Asks: 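Just dropping this structure here.
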Amino acid sequence: MILAANWKMHMGPDETRRFAKRFSELVDPKPDRQIVFFPPAVSVEAAATAFAGRPDVRIGVQDVYWEPKGAFTGATSVALARAAGATVTLIGHSERRHVFGETVEDTHQKVVAACEGGLRPFLCVGETLAQREAGETEAVVSAQLHAALRGVRASLLVDLAVAYEPVWAIGTGRNATPDDAAHVHRVLRGLMAGLGIVESAPILYGGSVNPGNARQLLARPEIDGALVGGASLDPEVWAKVIAEADAAGGAGAPSGA
Ligand code: PGA
């Protein structure tokens, strides 16, 4: 089970340290449950330091650029992310795609750079409301997955995790039903198998996960974890999401590296 907190553009270094202190009072490590925090880049080092005593916690960046170094104002390379303490990166979050115009070619280059540089990629895919209503969900997630992973050796993707995040569910309070999410997860699992990706690669669900729906979603064996925005910003609420995930029984793939 992987429970990942996407803090988006919230939480400076001081807030990160305060969060980590309270979090450690509220949540004990548990075997087979990995917690990942994606703070903003400026707080990655603070998070890595504050959670250093927690073997169950990984720190990630929300985005990464594929060039190793140079004149790329505003960008973070894989090596810089790792130097700050990150071991994971989100790739292709819907806000990167829809707010910042990130293309599927960009996601491909980022996946390759992350894998080659030793950052575990969490590749995000998901359809918009218009695409869902037009019956295009499977085609959209398939195209996103294939474009990001095409031509990448399966052996380089051993650490890949995928997050299914329907765009219409992100930050809206309207989560996918467990049945709908499980269906798309099965589709993704089939597509990943076709690409030779190990069966233990986790597939997370994201989009308005909260303490009220986490248990139902995570009880589904197709759903190996959650990627959570709003409900991960307050340690008390985040601890409740984790408790609900624990109560769901920890079904699903192992959390991996
Ligand atoms: P949300 O965000 O939980 O606030 O819907 C999820 C995400 O964007 O990863």
Side-chain angles (χ1 to χ4, degrees), residues 1-11 15-16 19 23 34-41 43-44 47 57-64 86 88-102 107 110-111 114 119-129 131-132 137 140-141 144-145 148 160-178 180-181 184-185 188 202-218 220 223-245 248 255:
M1 177 83 74
I2 299 179
L3 298 166
N6 176 11
W7 283 351
K8 309 192 181 188
M9 205 166 71
H10 303 279
M11 308 287 273
E15 288 167 291
T16 297
F19 184 109
F23 176 81
Q34 186 174 99
I35 315 255
V36 186
F37 290 98
F38 293 98
S43 299
V44 165
V57 171
R58 299 277 182 282
I59 305 302
V61 283
Q62 298 171 11
D63 182 38
V64 82
V88 189
T89 182
L90 292 178
I91 292 177
H93 187 277
S94 81
E95 286 144 25
R96 297 301 316 169
R97 295 180 196 258
H98 296 287
V99 181
F100 297 99
E102 190 167 306
T107 63
K110 291 177 181 192
V111 167
L119 275 187
R120 181 180 205 183
F122 278 35
L123 174 67
C124 305
V125 298
E127 81 286 1
T128 63
L129 187 57
Q131 290 166 332
R132 170 159 283 256
T137 298
V140 168
V141 298
Q144 290 172 335
L145 192 84
L160 176 76
V162 170
Y164 169 54
E165 295 208 307
V167 179
W168 48 269
I170 296 177
T172 58
R174 192 184 151 196
N175 62 288
T177 65
D180 284 345
V184 179
H185 282 226
L188 287 167
I203 306 178
L204 281 55
Y205 167 77
S208 294
V209 175
N210 61 43
N213 58 29
R215 191 187 305 204
Q216 267 188 310
L217 286 159
L218 291 165
R220 300 298 298 249
I223 302 179
D224 305 316
L227 179 57
V228 184
S232 72
L233 290 171
D234 176 321
E236 323 283 329
V237 178
W238 183 226
K240 281 191 194 135
V241 172
I242 293 168
E244 291 296 321
S255 51

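Please read all numbers here as calculations on a predicted model, not as lab measurements. One-based numbering, in listed order, for ligands and for the atoms of each.
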Asks: What atoms in ligand 1 come closer than 4.0 Å to a heavy atom of Ala169?
Replies: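 The atoms of ligand 1 under 4.0 Å from a heavy atom of Ala169 are 5 (O).
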Asks: If you measure every N or O of Ile170 against every N or O of ligand 1, does any of those distances drop under 3.5 Å?
Replies: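 No, no N or O pair falls under 3.5 Å.
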Asks: For the CG atom of Leu90 and the OG1 atom of Thr107, what is their distance to the nearest 0.5 Å?
Replies: 13.0 Å
Asks: Quick one: does Gly206 get within less than 4.0 Å of ligand 1, heavy atoms only?
Replies: no
Asks: Below 3.5 Å, N or O to N or O, backbone or side chain included: is there any such pair between Gly229 and ligand 1?
Replies: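 It does: an N or O of Gly229 is found under 3.5 Å from an N or O of ligand 1.
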Asks: Quick check on contacts: which atoms of ligand 1 are under 4.0 angstrom from a heavy atom of Gly207?
Replies: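 In order of number, 5 (O).
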Asks: Under 3.5 Å between any N/O of Gly171 and any N/O of ligand 1: does that happen in this structure?
Replies: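 For ligand 1, there is an N or O atom that lies under 3.5 Å from one belonging to Gly171.
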Asks: For the residue pair His185 and Tyr205, does the interplanar ring angle fall in the parallel (under 30°), tilted (30 to 60°) or perpendicular (over 60°) class?
Replies: tilted
Asks: Numbering the atoms of ligand 1 from 1, which are under 4.0 Å from a heavy atom of Gly230?
Replies: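 Those of ligand 1 that fall under 4.0 Å from Gly230 are 1 (P), 3 (O), 4 (O).
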Asks: Check whether any side-chain heavy atom of Val36 lies under 4.5 Å from a side-chain heavy atom of Arg120, and answer yes or no.
Replies: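 A side-chain contact is absent here, since even the closest heavy-atom pair is not under 4.5 Å.
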Asks: Give the single entry among Lys8, Glu95, Glu165 that approaches atom 2 (O) of ligand 1 most closely by any heavy atom.
Replies: Lys8
Asks: Would one find more than 12 heavy atoms of other residues, nucleotides or ligands at under 6.0 Å from atom NZ of Lys240?
Replies: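 Incorrect, the count does not exceed 12.
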Asks: Tell me whether His93 has any N or O atom under 3.5 angstrom from an N or O of ligand 1.
Replies: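 It does: an N or O of His93 is found under 3.5 Å from an N or O of ligand 1.
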Asks: What do you reckon, does Ser232 put a non-hydrogen atom under 4.0 Å from ligand 1?
Replies: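 Outside the 4.0 Å threshold, so no.
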Asks: Please check if any side-chain donor atom of His93 sits under 3.5 Å from a side-chain acceptor atom of Glu165, or the reverse.
Replies: yes
Asks: When you compare the side chain of Ile35 with that of Trp238, does any pair of heavy atoms fall below 4.5 Å?
Replies: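 Sidechains of Ile35 and Trp238: in contact.
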Asks: Look at the rings of Trp7 and Phe37 and say which category their plane angle falls in: under 30° parallel, 30 to 60° tilted, over 60° perpendicular.
Replies: tilted
